[in-house]
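Sharing a structure with you now.
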Amino acid sequence: MWFFGSKGPSGFSSSSTAEEVTQGIDGSALTAIVTGASSGIGVETTRVLALRGVLVVMAVRNVDAGRNVKEAILKEIPGAKIDVMELDLSSMASIRKFASQYQSSNLPLNLLINNAGVVTPFMLSHDGIELQFATNYLGPFLLTDLLSETMKKTARESNIEGRIVNVSSIGHRFTYSEGIRFNKINDESGYSSWYAYGQSKLATILHAKELSRRLKEDGVEITANSLHPGGIPTNIVRHDRFMNGFLHLIGKYFLKSIPQGAATTCYVALHPQVKGVSGEFFMDSNISNPSSMANDVDLAKKLWDFSFTLINPK
């Protein structure tokens, strides 16, 4: 268990912080996009990447909140390179607009960190898709697809490995019995907020697995991995009053701090130990084992094809 703080093969543990796992790493040649960068572990991920010299584009729903975070980081790290851009992952139009603006900026892209996530009661997105599936999985799937050519071009021209990092959750184990409800994604009947969250997080792992397979097949120097950040008292559960209260009550005893929570993301994004490692699931800055469903190659392929029908409706 993480609270024993025992180190894994990487030399890091659940108690390691984002600063500790990136100590001495020079990221000044890198450009990153971090989604959900204005709250929780997104803020700390942004801060630590910037501390290591990375140019960070904060992709956020609330631009004012993003600018406030940027100002706070600049006060601490005057040389930080940070941009703020608007992105609502529950809206395909917003994602397409963001990707188009990013491409127009001619910025390179070495690191794509799909960090944003929500836990909500039953709601449909702008595009009529169940909100957790849309925000936690389908939005990042579309964003990754739209930015893939930019990442491939950057990897080719810079000769630096690109990395795609999907922030998942151990919650992927607690999903519907069929894993992904392909025919019932948007059905309110039988809906469970926590199973829907688990389903969306299972999908993020399957996405990284299938994407990794395709990138290897294409001989592209880009890796794709997923991770569980650890239990962290962030505002992801803002829509669930009971869980919100419960987490804040027990948090100081059982949960990770924000600096510890951002560690695995920063490790997978920057550490040289992870060079060439792809299609893996990380926890506590070490390779870990997800559920058997998360390792199901056929399920990953089926989800990939299903996702393309959702982002390109006829």
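All heavy atoms count here, side chains included; hydrogens, waters and symmetry mates do not.
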Honestly curious: do Leu142 and Tyr102 fall in one hydrophobic cluster under the side-chain, below-4.5 Å linking rule?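 Yes: a chain of side-chain contacts under 4.5 Å links Leu142 to Tyr102.
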
Same cluster for Leu112 and Leu206 if Ile/Leu/Val/Met/Phe/Trp/Tyr side chains link at under 4.5 Å?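 Per the 4.5 Å side-chain linkage, Leu112 and Leu206 are co-clustered.
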
Can you list the other members of the hydrophobic cluster that holds Tyr191, where links are side-chain heavy atoms under 4.5 angstrom apart?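 Tyr191 clusters with Phe122, Leu124, Tyr176, Tyr195.
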
Here's a test for you: under side chain to side chain contact (heavy atoms under 4.5 Å, CB included), which of Thr31, Leu49, Asn110 qualifies with Leu55?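 Answer after filtering Thr31, Leu49, Asn110: Thr31.
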
With heavy-atom distances below 4.5 Å as the criterion, would you say the side chains of Lys184 and Ser189 are in contact?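 Lys184 does not reach Ser189 side chain to side chain.
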
For the pair Lys256 (side chain) and Pro229 (backbone), establish whether a donor and an acceptor sit closer than 3.5 Å, ignoring hydrogens and angles.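 Confirmed, Lys256 side chain pairs with Pro229 backbone.
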
Between Ser28 and Asp26, is any side-chain donor less than 3.5 angstrom from a side-chain acceptor?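 Yes - a donor-acceptor pair under 3.5 Å links their side chains.
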
Short side-chain donor-acceptor distance under 3.5 Å, Thr144 and Asn114: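 Asn114 vs Thr144: donor-acceptor pair found between side chains.
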
Using a 4.5 Å cut-off on heavy atoms from C-beta on, say whether the side chain of Val268 contacts that of Glu280.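 Glu280 vs Val268: side chains apart.
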
Could you measure the distance from the NZ atom of Lys216 to the OG1 atom of Thr223? Nearest 0.5 Å is fine.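 So the gap between those two atoms works out to 9.5 Å.
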
Pair Glu19 + Arg47, salt bridge at N-O below 4.0 Å: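 Answer for the salt bridge query: yes.
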
Has Asn136 got a side-chain atom pairing as donor or acceptor with Ser200's backbone, closer than 3.5 angstrom?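 Side chain of Asn136 to backbone of Ser200, a donor-acceptor pair under 3.5 Å: no, none is there.
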
Donor-acceptor check, side chain of Asn115 to backbone of Val34, threshold 3.5 angstrom: yes or no?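 The answer is no, because no donor-acceptor pair under 3.5 Å joins these two groups.
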
Any donor-acceptor pair under 3.5 Å linking the side-chain atoms of Ser125 with those of Ser90?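 No, no side-chain donor-acceptor pair sits under 3.5 Å.
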
Lys70 side, atom NZ; Asp83 side, atom CG - distance, nearest 0.5 Å: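 Going from NZ on Lys70 over to CG on Asp83, the span is 5.5 Å.
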
Do Val167 and Met283 land in one hydrophobic cluster if side-chain heavy atoms of ILVMFWY residues count as linked below 4.5 Å?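 As far as the 4.5 Å side-chain criterion goes, Met283 and Val167 are not connected within one cluster.
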
Does the distance from a Lys or Arg side-chain N to an Asp or Glu carboxylate O, for Arg213 and Glu210, drop under 4.0 Å?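 Here Arg213 pairs with Glu210 in a salt bridge, since their nearest N and O are under 4.0 Å apart.
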
Would Leu211 and Leu109 show up in the same hydrophobic cluster when neighbours are defined by side-chain heavy atoms closer than 4.5 Å?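 Shared cluster, yes.
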
Between the side chains of Arg67 and Glu71, is the shortest nitrogen-to-carboxylate-oxygen separation below 4.0 Å, so that they form an ion pair?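 Arg67 and Glu71: not salt-bridged.
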
Under the side-chain hydrogen bond (donor to acceptor under 3.5 Å, both in side chains) test, residues paired with Ser291 that sit two or more places apart: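 Ser291 satisfies side-chain hydrogen bond (donor to acceptor under 3.5 Å, both in side chains) with no residue once adjacent residues are dropped.
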
When you compare the side chain of Val165 with that of Leu111, does any pair of heavy atoms fall below 4.5 Å?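 Contact flag for Leu111/Val165 side chains = no.
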
Classify the ring geometry between Tyr137 and Phe141 as parallel (under 30°), tilted (30 to 60°) or perpendicular (over 60°).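 Because their plane-to-plane angle lies in the 30° to 60° range, the rings of Tyr137 and Phe141 count as tilted.
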
